[in-house]
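Since the structure comes first, as structure tokens, the remarks are kept for the end.
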Amino acid sequence: MSKKKTTSNDEKLDICVDFFMEHTEPYSIKELEKALPKFHQAIKFPLVKDLLTQLTADNRIDTDKIGLGNYYWLFPSAASETRKRKKQELEKQIEDEKLKKVKLEEEIEEAKIGKEETEERVKNLERLEELKKEKEEILQQLKRYEDLDPELYEKIKSDAKVCLDSANRWTDNIFTILQFCKTKFGQDESQLKKSFGIPEEFDYVG
């Protein structure tokens, strides 16, 4: 057994507008509560007042108080003007969305500035890796010679400190760049490290 199709609220509003287009004279609320359900079975008596309220709020039909009650109508000229106004509103919404899209694209391009794979940044990272390797090699030499030659041990120890200080200066420079980017572009440190290809565990050596 096929499922009975339901009529959406927007479709019911359109049905009411069709009624007014076919019947151009003013109607009271009581007349419409009888006429609209007869015009289309989807319009039930309890819904009439709410549908009329929506139509008047959207300026799709006209209403005014005549005597003791409100009357509703839609003349062909008014219907044409309503459609024209609705079209203008939709065109404005489309234009606004286009402007938002352009602005968002500009913000994305601006956020990319400073994240390019520059030659200087690549050299800095390569040099830092070299310094780390040198430090590891010196530490291995220390382990081999510290018990054999005290003077050589002190020399190697001094060389190790120079390398260590150099590595930490490079590290400090990179952290300074990260801090600048955090302030400039409003991104957290983890995201910046990922963008720059810096390991998450990157830190000073000691």
Side-chain angles (χ1 to χ4, degrees), residues 1-117 177-198 200:
M1 184 176 179
S2 61
K3 200 171 182 179
K4 189 175 181 181
K5 182 180 179 298
T6 58
T7 306
S8 69
N9 186 70
D10 286 341
E11 289 172 328
K12 291 174 184 175
L13 292 172
D14 290 339
I15 290 168
C16 292
V17 171
D18 290 340
F19 170 85
F20 283 107
M21 291 288 291
E22 293 183 19
H23 307 82
T24 55
E25 66 270 21
Y27 285 84
S28 68
I29 183 69
K30 290 187 178 296
E31 291 171 333
L32 289 169
E33 285 175 338
K34 294 178 182 178
L36 284 171
K38 288 181 180 178
F39 180 74
H40 198 286
Q41 61 181 1
I43 310 299
K44 307 300 180 184
F45 172 85
L47 299 175
V48 172
K49 284 186 178 179
D50 182 57
L51 291 171
L52 292 173
T53 299
Q54 293 181 62
L55 289 169
T56 54
D58 292 340
N59 294 315
R60 297 184 68 182
I61 62 173
D62 294 312
T63 183
D64 202 355
K65 189 170 185 178
I66 302 176
L68 298 177
N70 290 329
Y71 280 76
Y72 302 85
W73 68 90
L74 178 63
F75 296 142
S77 59
S80 175
E81 188 62 31
T82 299
R83 286 194 296 271
K84 182 180 177 182
R85 186 167 55 249
K86 188 67 175 177
K87 179 174 178 289
Q88 290 173 341
E89 289 174 358
L90 291 173
E91 288 174 344
K92 185 178 184 304
Q93 289 179 12
I94 291 171
E95 191 61 31
D96 288 344
E97 290 302 319
K98 285 181 179 179
L99 291 174
K100 288 180 184 178
K101 180 175 179 289
V102 170
K103 187 173 184 298
L104 182 60
E105 289 173 346
E106 289 175 351
E107 290 176 352
I108 291 172
E109 289 303 315
E110 184 179 345
K112 289 179 179 179
I113 296 174
K115 296 181 182 178
E116 298 87 352
E117 191 73 10
I177 294 171
L178 287 173
Q179 183 61 42
F180 170 79
C181 292
K182 283 168 63 178
T183 304
K184 177 72 175 175
F185 303 111
Q187 289 186 313
D188 59 41
E189 189 171 302
S190 295
Q191 184 61 41
L192 287 169
K193 283 183 177 179
K194 185 177 180 181
S195 300
F196 289 142
I198 300 172
E200 187 64 32

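Excluded from the calculations below are hydrogen atoms, water molecules and symmetry mates; all remaining heavy atoms, backbone and side chain alike, are included.
Nearest heavy-atom pair across Ile15 and Phe39 is O-CE2, 3.5 Å. Taking both residues in full, the closest heavy atoms of Leu74 and Arg60 are given as CD1-O, 3.4 Å, listed atom of the first, atom of the second, then distance. For the pair Thr24 and Trp73, the tightest heavy-atom approach, listed with the atom from each and the gap, is O-CB, 4.3 Å. Taking every heavy atom of both residues into account, Pro37 and Lys34 meet most closely at CD-O, 3.5 Å. In this structure, Ala35 and Phe19 approach most closely via the heavy-atom pair CB-CZ, 3.7 Å.
When atom types are taken as modelled, the side chain of Lys30 and the backbone of Tyr27 share no donor-acceptor pair closer than 3.5 angstrom.
Using a 4.5 Å heavy-atom threshold, the side chains of Lys49 and Glu33 count as touching. Between Ile43 and Val48 there is a side-chain heavy-atom pair separated by less than 4.5 Å. Side-chain contact between Asp18 and His40: absent, with no pair of heavy atoms (C-beta onward) separated by less than 4.5 Å.
Taking CD of Glu31 as the start and NE2 of His23 as the end, the distance is 12.0 Å to the nearest 0.5 Å. With rounding to the nearest 0.5 angstrom, the OG1 atom of Thr56 is 10.5 Å from the CG atom of Leu51. Distance check, rounded to the nearest 0.5 Å: CD1 of Ile61 to CE of Met21 gives 13.0 Å.
Exactly one of Leu13, Thr63, Leu47, Leu32 qualifies for a side-chain contact (heavy atoms from CB on, under 4.5 Å) with Leu52. That residue is Leu32.
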